Number of protein chains: 2
Amino acid sequence: MGAKIGIKEVAAAAGVSITTVSHALNDKGRLPDGTRDRVREVAERLGYRPNVNARNLAGGRSGLLALAVSQVEDLAFQLGDFDYFASLIRYATTAALDRGYALAIAPAAEAEGTLHKISPDGAIVVDPVPGDSSLAYLRQRGIPIVTTGRVLDGSDEDYWVDNDHVAGVRGVLDHLAAVGAKRIALVAPRSFASYVVDVRAGYSGWCAEHGIEERVATAPTVTEDGGFEAAISLLDGPDPPDAIYAALDRLAIGVLLAANARNVDVPGRLRVAACTDSVAAQAARPPLTTLGLNPERIGREAIGMLIDIVEGVEVEPRHRIVPTRVIERESTLGGAAQERARLDSNR
Amino acid sequence: MGAKIGIKEVAAAAGVSITTVSHALNDKGRLPDGTRDRVREVAERLGYRPNVNARNLAGGRSGLLALAVSQVEDLAFQLGDFDYFASLIRYATTAALDRGYALAIAPAAEAEGTLHKISPDGAIVVDPVPGDSSLAYLRQRGIPIVTTGRVLDGSDEDYWVDNDHVAGVRGVLDHLAAVGAKRIALVAPRSFASYVVDVRAGYSGWCAEHGIEERVATAPTVTEDGGFEAAISLLDGPDPPDAIYAALDRLAIGVLLAANARNVDVPGRLRVAACTDSVAAQAARPPLTTLGLNPERIGREAIGMLIDIVEGVEVEPRHRIVPTRVIERESTLGGAAQERARLDSNR
DNA sequence: TTGACATGCAAAAGCGTTTCTGCATAAGCT
DNA sequence: AGCTTATGCAGAAACGCTTTTGCATGTCAA
């Protein structure tokens, strides 16, 4: 009973040839539905799992997918620095493995080299920036691409999945307005990743609609210090804001530090919200209200699409938008809630 | 020039058979060093990369390695919750890929199921606990195992790599003593993972040597709330400590919150240090002094050993200990350093 | 009836490695 | 000199699957 069961065993059990089994399982060849179903049932019953290596070898694929993060010169950061990416990677890895592919993470610094070395069957590019070199490389080699976040100068032919940042910003701004904020500022990095553009555009649109003056501070980096600097410039300026929305969780933590440095009470005198939930955002003092993204689903969908493309399956639609949700915490909520309460509810 | 070059091409270029190429490249068979070197050189020149799938297929392996985190019933947590694990996973993945293996992360909740499903060639078990079920499963199936952290009831035959916690605790305690702490407490989780045992033992030993009374608080969970509770019990007790060493970064953040809740100045009245450096520890207020581990090296070494075992290479020694280092930050250092200074040096 | 064509399936040829077996030739012994 | 053993290498099978090709049938129109 413990014997390895391969396609041969399934064929024998179903009383057909291995060709037929392969065809039945992969929706190829000419087979009546009866045979197809019967074979599938037998395979299922026997717990047949195709050998991934044999499959890839015969199929002429490498069985490798790559994940690269798009990079602008000076905005360098480590992939794992952000919970969002860590999560995305984790789920993408699992999703790929489930379908018999391995996911290789291309270190940002040497993305192209890695891509060349492993020659993947397909690639995910995270937060692509127009003119990104890995993107160019992949296109030139004809390697299928799915991006998470759109390529701004891309075409309708592109495959991508994206967070619904447009709706997300509005959700956060509405929340801030609802808790009484009147002078809401935005802290965002430079960069032409689509999410930054979306956030900036969403903010501008919302301000225009609500007749609120725009206050935008550009963060010089994407980590805490960048948020700190941007926030200081806002707080020290004339007519400082009573709320700040930071486009990244770590920027928001920097904002919190800046508020502390200037003795500005949060949320009393300044409300702070961030895009992307994370452990750090939850653990911050006070805990940060965030726009919760869904890296798990982004990762899964991107991998799903990519593998379909690699295997020649029709992919429709080519674009997927994943909803977000506002997670309200103390940094924007009225009274200074009790630390204990938060901790208790955390159990 | 662009043609795919396989073992056949190398054989042709070197004027030998493919058998010889395979033998030369894998240190098998009977070949004079001359031939071996010549073949290798040709392979190198041609940029030959063996096809991973063909290799695994022929070798009868799956090409998959699994990574599971050992788990005690109630100490459940998400893998990615800790920077240490995230880092470990990242580097392990890369190291595996470099040698033609894919690393599957087994979700803690369903580790056994995953292991069964993918039937890996070998497995890494992180922080094994005596009696862990994945461990039992792997042993019973005869799947090679390398653990990061030792199995307490294990044997000398076990393969493991571990952080040098014994030296690490001493380093931190020495540091705390050096900055003036007299009543140093330990906050550690329950659990029989070797690092917890090491930390507790190291602490006891150090206290005995220095004639300091032991103050140990056991954290009910491994996250912030656990640290909070443990710290509160210490701070509210008779003769509260003037320094706390927390065995995990997130526990330490809980300790910080507790100090804040009790209006105890850090580092003025209480010095706080943690094991494991992380982004959260750096971003904490005040930034935490930590014992920096080396997940990158742990991951690499573990994978290296594991693949050697899988491929039948002699592995010596079976145990590897990776050094740690104390990273001094404000939470234990004298004057309240300037936030600005920290941020500036962060650039 | 008889060819033309569709249908249902099997045989067999790969895919790129590893490894077992075997055959020369060279070297060492009596 | 003749026999055994060691050495250097090549041929070919095997790994488990996909896919191309081809062979029987059965169906339909002429």
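Being a predicted model, the structure only gives us computed values, none of them experimental. The figures here come from the full heavy-atom set of this structure, side chains too, leaving out hydrogens, waters and symmetry mates.
- Following rounding to the nearest Å, A/Asn56 (CG) and D/dT19 (P) show an atom-to-atom distance of 12 Å.
- Here chain A contacts DNA chain C (any atom closer than 4.0 Å to a heavy atom, that is under 4.0 Å), and the contacts span C/dT7 to C/dG16 from 5' to 3'.
- A/Val16 comes within 4.0 angstrom of sugar-phosphate atoms only, judged by non-hydrogen atoms across all strands, and of no base.
- Here the C1' atom of nucleotide D/dG16 and the CZ atom of B/Arg55 are 18 Å apart, to the nearest Å.
- Note on B/Gly60: nothing from the nucleic acid sits closer than 4.0 angstrom, heavy atoms only.
- The salt bridge (charged side-chain N to carboxylate O under 4.0 Å, His left out) check on A/Glu311 picks up A/Arg99, with sequence neighbours excluded.
- A heavy atom lying under 4.0 Å from DNA chain D marks none of the residues of residues 96-104 of chain A.
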Donor-acceptor pairs under 3.5 angstrom involving side-chain atoms of residues 10-18 of chain B: please list them, not counting sequence neighbours.
| unit_1 | atom_1 | unit_2 | atom_2 | d |
| --- | --- | --- | --- | --- |
| B/Ser17 | OG | B/Thr19 | N | 3.4 |
| B/Ser17 | OG | B/Thr20 | N | 3.2 |
| B/Ser17 | OG | B/Thr20 | OG1 | 3.2 |

Show me the side-chain donor-acceptor pairs of residues 140-150 of chain A shorter than 3.5 Å, one per line, residues at least two apart or across chains.
| unit_1 | atom_1 | unit_2 | atom_2 | d |
| --- | --- | --- | --- | --- |
| A/Arg141 | NH1 | A/Tyr137 | OH | 2.6 |
| A/Thr147 | OG1 | A/Gly149 | O | 2.8 |
| A/Arg150 | NH2 | A/Asp198 | OD1 | 2.8 |
| A/Arg150 | NH2 | A/Asp198 | OD2 | 3.0 |

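- If you take NE2 on A/His319 and OH on A/Tyr159, they are separated by 9.5 Å, rounding to the nearest 0.5 Å.
- Straight-line distance from the CD1 atom of A/Ile18 to the P atom of D/dT20: 15 Å, rounded to whole Å.
- Heavy-atom contacts from other residues, nucleotides or ligands closer than 6.0 Å to CD of A/Glu316 number more than 12.
- With sequence neighbours excluded, the residues forming a side-chain hydrogen bond (donor to acceptor under 3.5 Å, both in side chains) with A/Arg320 are A/Glu301, listed by chain and number.
- Shortest non-hydrogen contact noted between B/Arg61 and B/Val310 is CD-CG1, 4.4 Å.
- The separation between B/Asn53 atom CG and D/dC17 atom P is 13 Å, rounded to whole Å.
- A residue-by-residue look at B/Gly59 and B/Thr20 shows that B/Thr20 has its nearest nucleotide of DNA chain D further toward the 5' end.
- Residues B/Arg318 and B/Asp156 form no side-chain contact, since every pair of their non-hydrogen atoms from C-beta on lies 4.5 Å or further apart.
- Straight-line distance from the CZ atom of B/Arg61 to the C1' atom of D/dA14: 15 Å, rounded to whole Å.
- Contact check of residues 22-38 of chain B against DNA chain C (heavy atom, cut-off under 4.0 Å) returns B/Ser22, B/His23, B/Asn26, B/Lys28, B/Arg30.
- In this structure, B/Glu9 has no salt bridge (charged side-chain N to carboxylate O under 4.0 Å, His left out) partners at least two apart in sequence or on a different chain.
- When rounded to the nearest whole Å, the span between CG of A/Leu57 and C1' of D/dA14 equals 12 Å.
- In this structure, the separation between CG on A/Asn51 and NZ on A/Lys4 is 9.0 Å, given to the nearest 0.5 Å.
- Inter-residue side-chain proximity for B/Trp160 and B/Ile321 is flagged as met; some heavy-atom pair is nearer than 4.5 Å.
- In this structure B/Tyr195 satisfies the ring pair (Phe, Tyr, Trp, His ring centres under 6.0 Å) test together with B/His165, sequence neighbours excluded.
- Regarding contacts with the backbone of D/dC17, a side-chain N or O of A/Tyr48 is found under 4.0 angstrom from either OP1 or OP2.
- Shown here are the side chain to side chain contact (heavy atoms under 4.5 Å, CB included) partners of B/Asp98, two or more places apart in sequence or in another chain: A/Lys117, B/Thr94.
- Partners of A/Ala95 by side chain to side chain contact (heavy atoms under 4.5 Å, CB included), not counting sequence neighbours, listed by chain and number: A/Arg300, A/Ile303.
- Axis angle between the ends of the helix from C/dT1-D/dA30 to C/dT30-D/dA1, five pairs each and rounded to 10 degrees, works out to 50°.
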